[in-house]
2 protein chains.
Amino acid sequence: MVGKEIGERHFIEDIALFCEQMGLPRMAGRVLGVLLISDPPSQSLNDICDCLQASKSSVSTMARFLVGEGLIEQAPCLVPRRDYFRFRTGGWLEFMRRRMEVMAGLHDIADRGLSLLDGKDDSLKSRLEEAHDVFEFVDTEFRGWFERMGQRSRKQR
Amino acid sequence: MVGKEIGERHFIEDIALFCEQMGLPRMAGRVLGVLLISDPPSQSLNDICDCLQASKSSVSTMARFLVGEGLIEQAPCLVPRRDYFRFRTGGWLEFMRRRMEVMAGLHDIADRGLSLLDGKDDSLKSRLEEAHDVFEFVDTEFRGWFERMGQRSRKQR
DNA sequence: TCGAACATTCTGTAAATACCGAACGATCAG
DNA sequence: CTGATCGTTCGGTATTTACAGAATGTTCGA
């Protein structure tokens with residue numbers, strides 16, 4: 001059981017707020033919050049509903065949403081005909097990776113913008129060259145970064 | 001003048017879409033898009049309105065919003081009583097920096113979560129230790145990263 | 001002191017979003 | 001086959017958001 005104490009409620013809401021800032025639905029953050037401090041780690045949809053006092057439909061929808069985001073996964077069910085979910089190992093890394101991928105997308109857009117300024121003065125291009133540089137740097141630097149980070153967390157286990 | 005050609009419109013809309021994915025209002029992205037390819041770099045609110053065919057109120061609001069985000073800045077006005085805006089040098093770096101700061105906020109939340117699991121089995125803590133590690137790593141690694149990146153772009157100028 | 005040319009702020013509206021409850025569909029025990 | 005127990009999906013509602021247009025405030029030239 002989880003979510004009875006005030007500290008747990010507070011934690012769950014902080015995760016929800018964080019998720020909201022990241023562009024995820026707040027309810028998704030709450031579900032995630034439960035699965036970050038639950039004992040045991042695997043919880044059924046009904047468990048989560050009880051804990052959050054939220055409707056089955058919301059929890060079901062958000063659980064599948066979080067699976068798609070790579071943050072949680074379905075756990076082997078102890079009881080037949082019941083879905084258990086748990087936080088997915090490496091979920092945070094995967095989350096960061098996807099975020100960085102979106103950001104790196106600006107790299108190509110900046111290139112297209114530069115071609116629009118073709119032939120014009122260099123001073124006009126510096127804006128987009130900055131974007132190009134920053135996000136190309138993100139793109140390349142992060143691949144190595146994630147590899148190192150992945151190895152590091154794999155080693156710790 | 002900007003935004004007449006199809007390529008420019010397309011670029012602006014791509015920036016708008018990117019901004020939307022980053023959680024900024026789409027119209028803010030459009031204003032930013034104009035200021036990334038405008039010639040000259042500094043444009044008045046009216047110029048931007050004309051280019052986007054958007055209302056003054058939206059453009060005014062979004063321009064001030066982007067100033068707050070550190071992505072654009074007010075330019076010294078060539079004509080009195082008129083606000084000129086331009087892309088802010090280092091804006092993308094600042095943008096990334098703030099994003100990373102939000103992400104690093106999870107570092108503290110994870111710590112608070114860990115204290116909730118105090119005394120419980122270590123296997124329960126690994127979820128939050130992962131969060132702790134990833135976002136502490138983000139927090140520290142990025143400070144150095146941004147410094148290097150800042151120096152690099154300063155050198156290029 | 002007007003009035004023109006701005007920018008900002010307020011108000012309204014249309015669209016998107018978050019959430020719930022109910023209906024529905026599937027699966028298993030009896 | 002029937003009912004109980006799940007999960008999913010559908011429809012509705014309330015809140016939020018993204019804009020536009022009108023009203024307001026400000027500065028400057030005549």
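None of the values given here were measured: they were computed from a predicted structure. In the text below, chain A, chain B and the rest are named by the order of the sequence lines, each starting its count at 1.
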For the pair made of CD in B:Gln43 and P in C:dA7, what is the distance, rounded to whole Å? 13 Å

Are B:Arg143 and B:Asp139 close enough for a salt bridge, meaning some N to O gap below 4.0 Å? yes

Would you call the rings of A:Phe95 and A:Phe18 parallel, tilted or perpendicular, where under 30° means parallel and over 60° means perpendicular? tilted

Can you identify which nucleotide, out of C:dC19, C:dC10, D:dC6, has its nearest atom closest to the A:Met27 side chain? C:dC19

Do A:Asp47 and A:Ser44 have side-chain atoms, one donor and one acceptor, less than 3.5 Å apart? yes

So does A:Ser57 get a side-chain nitrogen or oxygen closer than 4.0 Å to the phosphate oxygens (OP1/OP2) of C:dG21? no

Atom pair distance, as rounded to whole Å: CZ in A:Phe85 and P in D:dG7: 8 Å

Find the distance B:Met62:CE to D:dA18:P and express it as a whole number of Å. 6 Å

Which nucleotide, C:dT9, D:dC10, D:dA20, lies nearest any side-chain atom of B:Ala54? D:dA20

To the nearest Å, how far apart are A:Asp83 CG and C:dC28 P? 12 Å

Tell me which nucleotide among D:dA20, C:dC20, C:dT8 gets nearest to the side chain of A:Ser55. C:dC20

I want to check one thing: is the phosphate of C:dA5, taken as OP1 and OP2, less than 4.0 Å away from some side-chain N or O of B:Asn46? no

Picking from D:dC19, D:dG7, C:dT8, the nucleotide nearest the side-chain atoms of B:Lys56 would be C:dT8

Fit a plane to each ring of A:Trp92 and B:Phe135, take the angle between them on a 0 to 90° scale, and name the class: parallel (under 30°), tilted (30 to 60°) or perpendicular (over 60°). perpendicular

Distance, rounded to the nearest Å, where A:Leu52 contributes CG and C:dC20 contributes P: 9 Å

OP1 or OP2 of D:dT17 sitting under 4.0 Å from any side-chain N/O of B:Arg26? no

Between P on D:dC6 and CG on A:Leu45, what's the gap in Å once rounded to a whole number? 11 Å

So, is B:Ser60 near the phosphate of C:dT8, with a side-chain N or O under 4.0 Å from OP1 or OP2? yes

Interatomic distance, A:Arg82 CZ vs C:dA26 C1' [rounded to whole Å]: 15 Å

Can you check the A:Gln74 CD to D:dC6 P distance for me, whole Å? 15 Å

Quick one: do A:Glu94 and A:Arg97 make a salt bridge, cutoff under 4.0 Å? yes

